[in-house]
Visitor: 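Sharing a structure with you now.
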Amino acid sequence: MDQKRLFLAASLSLLVLFTYYSWFGQRSKYSLSDAPHLDEQVVRRQETRAPMTGAQVEWTQLEREEFNLISRETKFLHMVFSPSTADLKAIALRDYIETDADRMEHLTDRAGSPVGTFTLISADEEGEHEWSGFEYRPSEGEVIFSGMRGDLKVIKTFEYHPESRLIWATFRFENSGAVPETLDYETTVSLTADFRNGYDKKFIEGTWLSQDQVKHKGLGNFQKGLAQPGQDLVWSGIRTKYFCLLARPFTAVKTQRFWSAGDSALFVSLRPEPVELAPGESAEHKYLLYAGPQSVEILKKAEHDFVRVVDYGFFGALSTLILAVLRFFHKWFGNWGWAIVLLSIVIKIVLHPLTEKSLKSMREIQHLQPELNKLKEKYQSDPQKLNRAMLDFYKEHKVNPLGGCLPILFQMPVFFALYNALIRAVELRGARFVFWIKDLSQPDKFLTFSGSLPVVGNSVHLLPILMGLATILQQKLSSTQGAQTEQQLAMAIMMPIMLTLIFYNLPSGLVLYWTTNTLLTVIHQYRVARAK
């Protein structure tokens with residue numbers, strides 16, 4: 001009966017996670033390969049990196065036929081600027097490769113987006129319009145554009161550092177006319193992704209920090225657009241499963257507006273407070289863009305409270321602690337799989353006193369089972385008296401009928417925290433373990449085949465099957481001695497099958513943790529059984 005409670009507690013807890021994961025669906029193989037690759041789009045401009053002279057700083061009109069795009073690179077970023085609209089057409093991460101695609105990880109690519117990042121948009125009676133017709137001036141460590149809209153001149157400067165993931169954007173507006181001009185515009189942050197992919201779609205969110213609170217909103221909120229007050233806005237942006245684009249304005253923002261375009265792009269537009277510029281007057285607005293992974297270590301170095309975009313859910317503090325421990329083990333062994341195995345061992349050691357007590361309690365209840373069966377026969381017609389008699393019986397023999405469930409219940413917060421860490425931690429993205437386990441953030445694929453089967457799909461995941469076998473062994477060691485009832489036999493068969501199905505499509509790192517934990521429990525049970 002205790003074994004039934006133990007596995008029921010574990011199964012119900014894991015079923016919640018299984019339902020959550022099933023809602024997310026399976027990751028598809030779709031990538032943005034349908035759009036032209038960034039390297040194919042970019043027309044590289046070979047420029048002399050000599051110091052600028054007076055003659056060189058003069059503005060020159062770019063012929064679109066000759067200079068289609070402007071490409072720049074830092075250690076971490078590949079940036080492509082559009083000379084016509086003076087914005088960031090594409091941003092790719094040089095130190096990350098797209099899943100199932102042999103190219104840099106794209107955060108934004110205007111091939112699937114109507115506007116880029118830091119595009120200027122104004123509205124009038126005829127609708128919204130991008131500012132265009134800019135001139136370009138080459139410079140070391142920055143890209144500078146100049147354009148006119150009526151009598152309003154704008155100079156857009158993009159600054160970047162070779163060792164940074166940050167991009168500074170400065171907009172300088174000058175009223176060169178004879179009458180006042182109202183400066184009223186929006187500037188955008190653009191992210192492109194495959195929203196048709198049900199799995200990844202759930203991880204794409206608009207995110208912002210305002211009034212000391214971080215908020216995340218899923219795509220469902222942006223079908224018709226979502227406007228938010230910009231008061232006290234610190235930063236705003238978009239995040240995916242592992243990466244994010246965050247823009248911090250250094251000017252007062254009136255509103256921020258999230259909106260999507262079809263199945264390929266999500267945007268946030270920041271509208272500063274309107275400013276009236278008198279003739280000859282100027283205004284300067286600055287923005288800071290972070291483009292990179294949702295890594296606590298990297299985001300802390302970027303400062304500006306960008307690190308607060310990292311969110312591991314309800315057990316976030318525990319997830320952060322677990323990742324810190326995993327990073328420590330990874331530094332020693334250089335493998336995230338062995339780090340997870342060591343984490344399981346450490347947690348098992350910490351919970352050892354509780355596990356030892358619960359296993360002994362279970363064994364004592366097994367020895368008392370014949371007397372419990374007599375009580376059940378005696379009071380089988382009166383459930384209330386049976387419950388009182390069993391409580392008195394447990395109290396008399398100083399045993400806890402729920403003691404066997406406690407180690408499992410204490411494992412649940414760790415389990416959920418590790419799950420959230422594995423699905424969000426970019427460090428574990430694509431991390432190999434041994435043999436067939438090539439990505440600890442994804443289910444392990446031991447065999448793949450054409451076609452699809454119920455539950456299994458088109459691949460066999462071996463690690464959950466091994467975990468199911470270990471669960472059978474665990475049940476056998478902890479089962480009641482002597483003849484088993486039909487209910488106990490059914491439980492012994494169904495529970496390992498159910499747990500295997502629950503774990504079957506979970507990240508292999510999580511299954512590795514639970515399999516290791518189960519094997520350690522088997523060893524512990526065997527030692528306790530021999531001691532008797």
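Values in this document were obtained by computation on a predicted structure and should not be read as measured data.
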Visitor: Might you work through the side-chain contact (heavy atoms from CB on, under 4.5 Å) test for Leu270 and Trp208, ending with a clear yes or no?
Guide: CA-CA 11 Å; Leu270 303 180; Trp208 66 94; over 6 Å; no
Visitor: side-chain contact (heavy atoms from CB on, under 4.5 Å) between Val414 and Tyr513: does it pass, once the steps are laid out?
Guide: CA-CA 10 Å; Val414 177; Tyr513 167 82; 3.4 Å; yes
Visitor: Within a strict 4.5 Å, meaning less than it, do heavy atoms of the Ile423 and Pro507 side chains meet?
Guide: yes
Visitor: Are Leu512 and Ile437 close enough that some pair of their side-chain heavy atoms sits under 4.5 Å apart?
Guide: no
Visitor: Given the ring of Tyr312, does Arg424 sit roughly above its face, with NZ or CZ under 6.0 Å from the centre of the six-membered ring and within 45° of the axis?
Guide: no
Visitor: Run the numbers on Leu469 and Leu473 for side-chain contact (heavy atoms from CB on, under 4.5 Å), then give the verdict.
Guide: CA-CA 6 Å; Leu469 295 175; Leu473 182 58; over 6 Å; no
Visitor: Determine whether the aromatic ring centres of residues Phe416 and Phe314 are separated by less than 6.0 angstrom.
Guide: no
Visitor: Which heavy atom in Pro293 sits nearest to a heavy atom in Ile298, and how many Å separate them?
Guide: CG-CD1, 3.6 Å
Visitor: May I have all residue pairs that pass side-chain hydrogen bond (donor to acceptor under 3.5 Å, both in side chains) and include part of residues 323-337, sequence neighbours excluded?
Guide: Arg327-Glu427, His330-Trp336
Visitor: Can you name the residues that form a salt bridge (Lys or Arg N to Asp or Glu O under 4.0 Å) with Asp232, not counting sequence neighbours?
Guide: none
Visitor: Using the benzene-type ring in the case of Trp, are the ring centres of Tyr96 and Phe243 under 6.0 Å apart?
Guide: yes
Visitor: In plain terms, say whether Lys215 and Glu205 are close enough for a salt bridge, that is, a side-chain N and a carboxylate O under 4.0 Å apart.
Guide: no
Visitor: Side chain of His304, backbone of Phe306: donor and acceptor closer than 3.5 Å?
Guide: no
Visitor: Are any of the side-chain heavy atoms of Leu77 and Leu93 separated by less than 4.5 Å?
Guide: yes
Visitor: Compute the ring centroids of Trp338 and Phe333, then answer whether they are less than 6.0 Å apart.
Guide: no
Visitor: Are any of the side-chain heavy atoms of His78 and Val80 separated by less than 4.5 Å?
Guide: yes
Visitor: Which pair of non-hydrogen atoms, one from Thr74 and one from Ser164, has the smallest distance, and what is that distance?
Guide: OG1-O, 3.6 Å
Visitor: Using side-chain heavy atoms (C-beta onward) and a distance below 4.5 Å, is Val310 in contact with Leu299?
Guide: yes
Visitor: Passes side-chain contact (heavy atoms from CB on, under 4.5 Å), Lys348 versus Thr521? Steps please.
Guide: CA-CA 8 Å; Lys348 198 67 180 176; Thr521 302; 2.5 Å; yes
Visitor: Between the main-chain N or O of Leu266 and the side-chain N or O of Ser260, is there a donor-acceptor pair closer than 3.5 Å?
Guide: no
Visitor: Determine the minimum heavy-atom distance between Pro443 and Asn505, stating which atoms define it.
Guide: CG-O, 3.4 Å
Visitor: Search all heavy atoms of Val268 against all heavy atoms of Ser236 and return the closest pair with its distance.
Guide: CG2-OG, 3.3 Å
Visitor: What distance separates Phe329 CZ from Leu342 CG, expressed to the nearest 0.5 Å?
Guide: 5.0 Å
Visitor: Please identify which of these residues, Leu88, Leu166, Leu246, meets the side chain to side chain contact (heavy atoms under 4.5 Å, CB included) condition with Leu289.
Guide: Leu88
Visitor: Please tell me if the side chains of Val214 and Asp311 come closer than 4.5 Å, counting only heavy atoms from C-beta onward.
Guide: no
Visitor: By the definition ring-ring contact (aromatic ring centres under 6.0 Å, His included), identify the one residue from Tyr287, Phe118, Tyr290, Phe250 that meets it with Trp168.
Guide: Phe250
Visitor: If you round to the nearest 0.5 Å, how far is CD1 of Ile497 from CD1 of Ile472?
Guide: 7.5 Å
Visitor: Hey, does the side chain of Gln228 reach the backbone of Gln256 with a donor-acceptor pair shorter than 3.5 angstrom?
Guide: no
Visitor: What I'd like to find out is whether the side chain of Trp514 reaches to under 4.5 Å of the side chain of Leu506, using heavy atoms alone.
Guide: no
Visitor: On a heavy-atom basis, which atom in Trp436 and which in Leu463 lie closest, and how many Å separate them?
Guide: CZ2-N, 4.3 Å
Visitor: Nearest 0.5 Å, please: how far is CZ in Phe315 from CG in Leu418?
Guide: 12.5 Å
Visitor: For residues 463-474, pull every pair meeting salt bridge (Lys or Arg N to Asp or Glu O under 4.0 Å), keeping only residues two or more places apart or in separate chains.
Guide: none
Visitor: Ignoring hydrogens and geometry beyond distance, is a side-chain donor-acceptor pair present between Lys445 and Ser508 at under 3.5 Å?
Guide: no
Visitor: List for me each residue that meets salt bridge (Lys or Arg N to Asp or Glu O under 4.0 Å) alongside Arg248, sequence neighbours excluded, and say none if there are none.
Guide: none
Visitor: How close do Val309 and Arg239 get, counting heavy atoms only, and between which atoms?
Guide: O-NH1, 3.1 Å
Visitor: Arg432: which residues meet the salt bridge (Lys or Arg N to Asp or Glu O under 4.0 Å) condition with it, sequence neighbours left out?
Guide: none
Visitor: For Lys300, check salt bridge (Lys or Arg N to Asp or Glu O under 4.0 Å) against everything at least two apart and list the hits.
Guide: none
Visitor: With rounding to the nearest 0.5 Å, note down the distance linking NZ in Lys75 to CG in Asp95.
Guide: 8.5 Å
Visitor: Can you confirm whether Val511 sits close enough to Asp444 that some side-chain heavy atom of one is under 4.5 Å from a side-chain heavy atom of the other?
Guide: no
Visitor: How long is the straight-line distance from CG of Leu245 back to CG of Leu107, given to the nearest 0.5 Å?
Guide: 5.0 Å
Visitor: What is the distance from atom CG of Leu440 to atom NZ of Lys438, rounded to the nearest 0.5 Å?
Guide: 13.0 Å
